[in-house]
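In what follows, chains carry the letters A, B, and so on, assigned in the order in which the sequence lines appear, proteins first and then strands, with residues in each chain numbered from 1. Fair warning: this is a prediction, and the values are worked out from it, not measured in the lab.
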Amino acid sequence: MEKTYNPSAIEQKNYQNWEKKGYFKPHGDTSKESFCIMIPPPNVTGSLHMGHAFQDTIMDTIIRYQRMQGKNTLWQHGTDHAGIATQMVVERKLFAETGQTRQELGRETFINKIWEWKEESGGTICKQMRRLGTSVDWDRERFTMDDGLSKAVKKVFVDLYNDDLIYRGKRLVNWDPKLHTAISDLEVESKDEQGFMWYFRYPLADNATTLEGKNYIVVATTRPETMLGDTGVAVNAEDPRYKHLIGKNIVLPFTQRLIPIIADEHADMEKGTGCVKITPAHDFNDYEVGKRNKLPMLNILTFDARIAKEATVFDSNGEVSDVYSAALPIQFQGLTREDARKLVVSELDALGLLEDIKAHALTIPYGDRSAVIIEPMLTDQWYVRVAPLAETATQAVENGDIKFVPQQYENLYKSWMTDIKDWCISRQLWWGHRIPAWYDENGKVYVGHNEEQIRKDNQLDTTVKLTQDEDVLDTWFSSGLWTFSTLGWPEKTLDLKTFHSTDVLVTGFDIIFFWVARMIMMTMHFMKDENGKPQVPFKTIYMTGLIRDENGDKMSKSKGNVLDPLDMIDGIDLESLVTKRCGNMMQPQLAKKIEKQTRKAFAGGIEAHGTDALRFTLAAMASTGRDINWDMNRLEGYRNFCNKFWNASRYVIMSCTDMPCAFNHDADNKQQLSLADRWIQGQLQTTIKEYRHALDTFRFDIAANILYEFIWHQFCGWYLELTKPVLFKGNEAEQRGTRHTLISVLETLLRLAHPIMPFMTEEIWQRLKELTGQGGDTIMLEAFPEVNANLVDKQAVEDLEWLKKVIVAIRNIRGEMDISPKIPLNLLVKNANKDDARRFTENADFLSALAKLESVTMLKNDEKNPICATALVGNLELLIPMAGLIDSKAELTRLNKKLEKTSKDLAKISGKLNNARFVSNAPQAVIDKERGKLAELQSTCEKLEQQINTIKAL
RNA sequence: GCUCGCUUAGCUCAGUGGUAGAGUCCCUGCUCGACAUGCAGGUUGUCACUGGUUCGAACCCAGUAGCGAGCACCA
């Protein structure tokens with residue numbers, strides 16, 4: 001074995017072997033319990049980031065753990081088509097390469113281009129996932145635009161439409177003026193910004209006046225340009241200032257449009273001027289006011305969010321109307337929102353109609369993909385009526401059929417579900433599932449699986465011209481069907497029966513509404529068990545936090561603080577890292593700053609750490625639902641741990657190769673177990689129990705810590721050292737016993753650690769197998785360790801813990817007194833009880849090896865002893881003669897420091913025990929424990945004082 | 001404005017109502033026959049603040065402050 005753990009030499013070859021042999025597949029024995037995880041489908045054209053690495057580590061750990069317990073285990077992989085994101089990427093690529101737009105290319109050709117791109121780049125993330133060791137069943141990989149899934153999407157749409165859960169309507173939607181599509185309210189990001197409030201004078205018609213005798217009223221707005229689409233001014237019915245004006249009209253500046261003053265609850269007397277301009281086609285609140293008051297709607301914007309050449313006029317039902325002139329003043333036509341705003345303000349000012357401008361804090365909606373300001377736009381869109389679906393979905397969480405880990409996310413889920421809005425599912429894109437709706441020439445809509453079926457069902461002959469809806473469905477509509485569509489639905493497949501409901505969903509809290517909630521709603525509506533009860537998509541939802549950078553900032557390309565998991569694994573030199581972070585940026589002006597940051601934070605580049613170390617780090621930091629601030633130091637620490645584990649294995653293998661180890665194939669099986677052998681086996685059982693509990697409760701951080709502590713400090717720190725005297729000096733039976741234990745314990749540890757660190761454990765296990773001659777082809781399919789209570793030897797545990805204390809006490813003296821570890825010591829012992837005496841006799845070899853003792857001499861209590869440095873283990877006094885070794889002043893300092901600390905503890909505890917209320921109220925066990933501690937501390941204090949006095953007396 | 005989460009060693013994070021923990025950093029000494037990605041020893045904390053409950057609070061409760069997130073409002 002190599003002296004230093006070298007992950008690159010072992011990872012890929014093992015992965016390729018696993019995949020080739022089909023170990024990732026469910027074993028298919030349905031008499032065994034099944035277990036299934038559906039991966040949250042990454043974007044098909046995406047690449048792996050730290051968040052994926054984190055979630056994939058968690059999922060793979062769970063899956064490997066369950067698989068090793070013999071379950072029929074499926075981890076289903078797949079990608080989604082990521083409508084907007086993918087279309088954007090290909091559009092940009094097309095334009096860069098040919099200068100063509102998608103419109104110039106035409107829909108069909110463009111879609112073919114996207115498929116080509118998908119074939120080319122779709123494998124990237126899968127290749128990257130393989131580097132992480134993910135044991136997904138690659139043969140079952142699915143894509144949301146596959147035939148099967150597309151069929152499911154169509155059926156769901158048609159069925160929901162027939163159940164009146166999908167409808168089409170002219171509504172105000174969130175319109176993205178850059179991407180030219182509607183987006184759902186979840187895809188809108190609100191940002192707080194400083195802006196202005198403009199106050200305009202709106203002239204009253206027919207010589208009406210306000211109470212003060214003014215011939216205008218004042219409205220306030222943050223969006224002056226929308227005034228071109230005003231169709232009313234609302235005041236509160238109770239407002240004494242304006243009550244008398246209700247029913248009168250305003251002459252809207254520029255267009256001279258006559259618009260009514262109406263009474264509406266929306267107008268708040270306390271707010272602004274009390275008068276609200278109403279623009280139903282360009283503001284969500286105004287839209288509602290318009291509906292209530294039957295105001296016409298004037299759309300004055302193009303899909304680019306510029307002022308149109310002429311407005312489109314609708315009545316309050318959305319029907320085209322001629323109640324108002326569509327004309328828009330020429331000077332505004334074609335202006336952007338920003339330019340139109342400036343011009344409206346300056347022209348109103350010129351007309352003497354600008355009353356005031358005030359600074360104003362407001363929230364601006366941005367598209368999460370395009371980062372441009374979203375525009376409320378009046379368009380025809382398809383919606384899912386969500387409220388009826390939400391009810392069942394909420395109950396599933398309330399009654400515990402679905403559990404959130406950590407639990408507090410249930411509140412978030414519930415609060416969203418109770419106030420849920422209809423979901424706009426149509427997108428004005430080309431890449432996605434085309435909406436299965438057709439229109440005849442009168443605009444009548446027909447929904448069905450295909451045109452042929454629709455003609456048949458509606459007796460439409462070929463003289464009726466049908467055209468399919470141009471729009472596609474929101475990507476989340478298809479991902480919402482993920483758990484069951486990937487298993488073959490709507491066919492009644494064996495997979496569905498075996499693996500649905502799935503067991504655990506591992507995902508980030510940021511898509512709890514986008515995906516998780518919608519998946520629950522969709523699944524429970526379409527999947528029913530044999531009794532007709534809605535099936536949940538998964539029983540447990542494990543929510544991960546975000547991986548942030550070392551300063552707690554979100555990782556993003558524009559900040560240049562993104563870390564690539566593969567760079568953690570393989571390492572990367574500084575120049576490549578700088579190039580990677582600064583190249584291909586949306587905002588190239590940031591590159592300089594990012595370069596500087598990067599050179600500072602990663603002056604030496606990034607070292608290779610290997611997949612197992614990365615996975616171990618992620619697991620160790622996965623405490624429930626919290627964001628993780630990434631820390632390279634933790635990664636390095638756990639890489640060192642891998643090396644430690646590797647070298648411990650190396651020691652075991654070197655010590656046992658070609659030696660009798662008491663496995664079946666050995667001729668002579670006689671073995672004698674040492675105290676250390678019995679102790680480590682016992683400790684291992686406790687560890688298995690705690691470790692399994694941690695995994696069962698999704699506490700991967702605790703699991704990782706248990707492994708770390710046991711392997712490094714118990715197995716390596718104590719046990720391996722304790723095997724050395726046996727292997728070097730013991731008799732044959734003792735050596736066999738120790739070798740047998742070394743191998744057994746290591747083999748168990750490998751299986752224990754395998755779910756978190758698959759590569760290293762497999763590599764070592766294969767080598768260990770040659771020594772044991774036992775086991776199957778791969779550690780992946782070995783049984784996960786179970787607790788064997790028979791292996792716990794209480795006496796051995798107590799004896800060895802005593803031994804550790806004695807050794808540590810002597811090492812303390814050495815360390816603090818600066819006695820070289822090379823110098824052998826003669827230990828004198830006082831106040832030893834029967835057990836102490838026995839333990840000294842039984843463990844002479846261990847003591848000599850680990851504490852470098854030359855001799856141990858028991859002294860009677862009253863026997864005189866030379867001047868010594870001393871230590872205590874309980875009442876047992878350990879004495880190291882000082883002659884020639886120890887400076888008495890140093891020993892005094894050391895003892896005084898100990899005494900000080902002990903006295904402090906003593907004072908605390910005696911104070912407690914002197915408190916009558918403590919003694920009368922605390923449980924007896926606690927009191928006894930405190931009394932025990934008190935006695936011990938008292939005796940320690942006394943002994944320390946004695947020792948101090950002895951030295952002082954010199 | 002509402003809701004939720006967080007605040008523990010220089011840094012990144014665990015933590016059970018009964019004397020504060022890990023990794024990393026720091027200091028001292030070590031080429032001890034697995035490992036210098038190591039070994040031995042050491043230092044490090046008003047557990048954000050203020051009250052309350054309790055014999056006893058880092059832990060339970062209330063409030064305050066700071067940070068973060070989600071939602072709402074925004075004429």
Side-chain angles (χ1 to χ4, degrees), chain A residues 1 3-5 190 192 195 197-199 218-223 233-234 266-268 271-278 283 285-286 360-363 406 408-409 411-412 415-416 419 509-510 512-513 545-546 548 550 552 607 609 613 617 620-621 623 625-655 699 701-702 705 708-709 716-717 720-721 724 728 808 811-822 849 852 904-906 908-909 912 915-923 925-927 929-930 933 937:
Chain A
M1 276 174 88
K3 189 172 161 184
T4 303
Y5 162 61
S190 299
D192 291 333
M197 182 80 82
W198 287 269
Y199 292 80
V218 177
V219 297
T221 181
T222 55
R223 299 203 52 196
V233 170
H266 174 65
D268 184 337
K271 261 184 184 166
T273 61
C275 304
V276 191
K277 67 189 262 315
I278 302 297
D283 180 279
N285 282 318
D286 293 3
H360 183 72
L362 70 171
T363 316
Q408 71 250 24
Y409 283 108
N411 293 330
L412 183 65
S415 71
W416 190 67
D419 195 25
F509 69 92
D510 48 331
I512 183 168
F513 306 139
L546 247 49
R548 298 168 174 278
E550 65 277 11
E607 270 185 72
H609 293 84
T617 308
M621 302 195 73
S623 49
R626 269 183 68 158
D627 286 355
I628 293 176
N629 291 357
W630 186 250
D631 180 2
M632 292 300 292
N633 290 323
R634 295 290 292 261
L635 179 64
E636 192 182 334
Y638 291 125
R639 192 266 319 254
N640 295 351
F641 171 66
C642 290
N643 186 58
K644 186 76 179 171
F645 197 11
W646 176 264
N647 269 289
S649 308
R650 181 165 163 259
Y651 168 76
V652 173
I653 288 169
M654 287 192 320
S655 307
R699 288 304 302 266
D701 58 329
I702 293 178
N705 275 313
Y708 188 98
E709 213 288 325
C716 296
L720 294 191
E721 294 308 319
K724 287 173 186 174
F728 300 151
V808 166
R811 284 177 180 171
N812 272 333
I813 293 177
R814 273 189 198 274
E816 288 174 40
M817 294 294 100
D818 231 357
I819 303 173
S820 158
K822 276 192 263 188
K852 188 100 177 157
K904 232 162 117 187
D905 291 348
L906 183 65
K908 215 183 224 168
I909 289 184
K912 217 175 198 181
N915 183 346
R917 285 182 304 179
F918 171 70
V919 181
S920 57
N921 283 313
V926 171
I927 296 171
K929 202 173 148 197
E930 296 296 310
K933 275 192 273 184
L937 288 170

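- Of the side-chain N and O atoms in Arg699(A), one or more sit less than 4.0 angstrom from OP1 or OP2 of G15(B).
- When the side-chain nitrogen and oxygen atoms of Asn633(A) are compared with OP1 and OP2 of C25(B), none of them lie within a distance under 4.0 Å.
- Across all strands shown, the partner of C60(B) is G52(B), judged by Watson-Crick or G-U wobble contacts whose two distances both fall under 3.5 Å.
- Contact annotation: side chain of Lys644(A) to base of C35(B), donor-acceptor pair present below 3.5 Å.
- OP1 or OP2 of A36(B) sits under 4.0 Å from a side-chain N or O of Lys3(A).
- Dashed line: the shortest gap from a side-chain N or O of Lys724(A) to OP1 or OP2 of A34(B) is under 4.0 Å.
- Remark: Lys822(A) is not in phosphate contact with C30(B), judged by side-chain N or O atoms under 4.0 Å from OP1 or OP2.
- Between the P atoms of G15(B) and C59(B), the separation comes to 15 Å (whole Å).
- Protein atom CE of Met1(A) is 13 Å distant from nucleotide atom P of A34(B), rounded to whole Å.
- Taking only side-chain nitrogens and oxygens, Arg814(A) never comes nearer than 4.0 Å to OP1 or OP2 of C39(B).
- Considering CG of Asp627(A) and CE of Met621(A), their distance stands at 11.0 Å, rounded to 0.5 Å.
- Phosphate contact (OP1/OP2 of G56(B), side-chain N/O of Asn921(A), threshold under 4.0 Å): absent.
- When the C1' atom is compared between A72(B) and C4(B), the two are found 15 Å apart, to the nearest whole Å.
- With distances taken from any side-chain atom of Lys912(A) to the nucleotides G33(B), A75(B), G18(B), the minimum falls on G18(B).
- With hydrogens and angles ignored, a donor-acceptor pair under 3.5 angstrom links the side chain of Glu721(A) to the base of A34(B).
- When the P atom is compared between G1(B) and G63(B), the two are found 16 Å apart, to the nearest whole Å.
- Taking atom CD of residue Glu930(A) and atom P of nucleotide G17(B), one finds them 17 Å apart after rounding to whole Å.
- Taking side-chain N and O atoms only, Asn812(A) has a distance below 4.0 Å to OP1 or OP2 of G42(B).
- The base of C73(B) is paired with the side chain of Thr363(A) by a donor and an acceptor separated by under 3.5 Å.
- We find that CG of Asp192(A) is positioned 14 Å from C1' of G68(B), with the value rounded to whole Å.
- In this structure, Tyr708(A) and Tyr638(A) have perpendicular ring planes: the angle between them is above 60°, well past the 30° mark.
- In this structure, Trp646(A) does not count as stacked on the base of A34(B) under the 5.5 Å centre distance and 30° plane angle limits.
- Seen from the ring of Tyr651(A), Lys724(A) counts as a face-on cation partner, given the 6.0 Å and 45° thresholds.
- Remark: the separation of the C1' atoms in C25(B) and C13(B) is 14 Å, to the nearest Å.
- Picking from G23(B), U24(B), G70(B) the nucleotide with the shortest atom distance to the side chain of Asn640(A) gives U24(B).
- Checking the phosphate oxygens (OP1, OP2) of C13(B), a side-chain nitrogen or oxygen of Asn629(A) falls inside 4.0 Å.
- Phosphate contact (OP1/OP2 of U19(B), side-chain N/O of Lys929(A), threshold under 4.0 Å): absent.
- Atom CZ in Arg650(A) sits roughly 11 Å away from atom C1' in G33(B) (whole-Å rounding).
- The side chain of Arg626(A) contributes an N or O atom lying less than 4.0 Å from OP1 or OP2 of A14(B).
- Base pairing of U24(B) is made with G10(B), judged by Watson-Crick or G-U wobble geometry with both donor-acceptor distances under 3.5 Å.
- Phosphate contact (OP1/OP2 of A75(B), side-chain N/O of Thr273(A), threshold under 4.0 Å): absent.
- Pairing for U19(B) is absent, judged as Watson-Crick or G-U wobble with the two contacts each under 3.5 Å.
- The partner of G33(B) is absent, by the rule that a Watson-Crick or G-U pair needs both atom distances under 3.5 Å.
- Whole-Å rounding puts the Lys271(A) NZ to C74(B) P distance at 5 Å.
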